[in-house]
Q: 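Below are the structure tokens for one structure; questions will follow.
Starting from 1, each residue takes its place in the sequence as its number. Start at 1 and go down the list; that is how both ligands and their atoms are numbered.
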Amino acid sequence: MAKTVEIVEVSPRDGIQNEKTLLPTEIKLELIERAVAAGVRRLEATSFVNPKRVPQMADADEVARRLPRGTGARYVGLVLNPRGFERARAAGIDEINFVIVATETFNRRNQGVAVGETLAAWHEIAALTRQAGMRAGVTIGASFGCPFEGEVPVERVVTLARQLAEAGPHEIALADTIGAAAPSDIRRKIEAVRDALPGMPLRCHLHNTRNTGLANAVAAIEAGAVSLDSSIGGVGGCPFAPAATGNIPTEDLVYMLDRMGIETGLDLDGLIETAAWLGRQLAISPPGMLHRAGRFPPPAADAQVSAAG
Ligand code: ZN
């Protein structure tokens, strides 16, 4: 099993985009600053989509222009079409994340076009990104289950991954958009894509909708994923699963990985503090558990141990 895993913090995008409370730009920037101060080195900062469809992301250009620089952190912007790409490039984003959904119905609901058209758009975006000297990654949404079509076959995901890989992404991600997967599903699909595309870095995007999120994270790492998306506090929901909780909570994930001896480079205390802070900003109690329970051993016990020599 890997000794290190890269955590991609997605609270500023996936985490808050489905929250009812619209956060001011200053608060979004503070969230990003806090995440970076806690050691985050790759962060999905915003999405360059139609503000009418996603009001929380209406200030994407300003957020991107004011991102904290000189910290070693790399910032990702979600882009779905050439216009979004142009906005992201102009605002100085480092890396593009493009999304295609594994099923026709969900892709049409999410992007308004058939999967084939989204695939063509990805090839265009990937070419533009390369010309601009930026990195482009691509996420396959609903890889583990679709709210409209149900089960998603392994072959479907593998075929799509192969077609996406032809455009030369730096990374492919499998997303459990509606939080349907169990660890065995995660293992089967990541291994299948890994075998089909040897050497392609794989990321996994998990939602904790049915409380399988952390178990799925372990399965993803065991199967060869090198990066995991997570969100501080586990904030966020899914417009297609109304009672859903958000992404897997970064601090809960880091606590678990720390104890497993897997390095993330993130500071647990900073993450816990930020989860509580973010909950206050959104006027919610974030679904993550560590910010309530505290870490173990408690910080005070650490101090006693060192005081006792
Ligand atoms: Zn998501």
Side-chain angles (χ1 to χ4, degrees), residues 6-20 23 28 31 35 40 42-49 53-57 60 75-80 84 95-103 105-107 109-111 118 137-148 152 157 160 164 171-181 185-186 189-190 202-217 219-220 225 227-250 252-253 275 278 282 284 286-288:
E6 178 188 55
I7 305 277
V8 183
E9 177 60 34
V10 299
S11 58
R13 205 280 300 168
D14 207 18
I16 62 171
Q17 87 172 16
N18 294 308
E19 289 289 340
K20 282 187 229 43
L23 293 181
K28 292 175 187 171
L31 170 60
V40 169
R42 193 169 168 214
L43 183 147
E44 192 161 275
T46 190
S47 69
F48 297 89
V49 292
R53 289 196 66 192
V54 190
Q56 185 75 271
M57 298 292 120
Y75 300 106
V76 184
L78 189 136
V79 157
L80 296 176
E95 184 187 315
I96 296 304
N97 180 29
F98 184 86
V99 176
I100 187 165
V101 185
T103 62
T105 317
F106 198 172
N107 195 72
R109 296 262 188 136
N110 202 54
Q111 345 267 76
T118 303
V138 58
T139 299
I140 306 177
S143 284
F144 302 93
C146 170
F148 309 107
V152 176
V157 176
L160 206 45
L164 294 163
E171 167 190 81
I172 292 180
L174 302 192
D176 189 10
T177 309
I178 60 163
D185 303 314
I186 300 281
K189 281 181 178 149
I190 291 188
L202 299 179
R203 176 167 54 85
C204 201
H205 177 97
L206 300 166
H207 280 261
N208 199 34
T209 316
R210 293 173 178 81
N211 220 10
T212 54
L214 285 191
N216 288 345
S227 305
L228 291 173
D229 288 359
S230 64
S231 136
I232 289 172
V235 298
C238 174
F240 300 98
T245 56
N247 302 101
I248 51 172
T250 306
D252 294 18
L253 176 64
L278 183 56
L282 292 167
I284 59 164

Q: May I ask you to test the Arg109-Pro147 pair for a side-chain heavy-atom distance under 4.5 Å?
A: no
Q: So, do Arg203 and Thr139 sit near enough that their side-chain heavy atoms are less than 4.5 Å apart?
A: yes
Q: Which residues pass the salt bridge (Lys or Arg N to Asp or Glu O under 4.0 Å) test with Glu19, sequence neighbours left out?
A: none
Q: Is the shortest heavy-atom distance from the side chain of Ile140 to the side chain of Ile172 under 4.5 Å?
A: yes
Q: Report, as a single number, the protein N, O or S atoms less than 2.8 Å from the Zn ion (ligand 1).
A: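 Under the 2.8 Å cut-off, the count stands at 3.
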Q: Taking side chain to side chain contact (heavy atoms under 4.5 Å, CB included) as the definition, give me every residue that meets it alongside Pro287, ordered by chain and number, with sequence neighbours left out.
A: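 Here the qualifying residues are Thr245.
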Q: The criterion is salt bridge (Lys or Arg N to Asp or Glu O under 4.0 Å); which residues satisfy it with Lys189, sequence neighbours excluded?
A: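 For Lys189 there are no salt bridge (Lys or Arg N to Asp or Glu O under 4.0 Å) partners, ignoring immediate neighbours.
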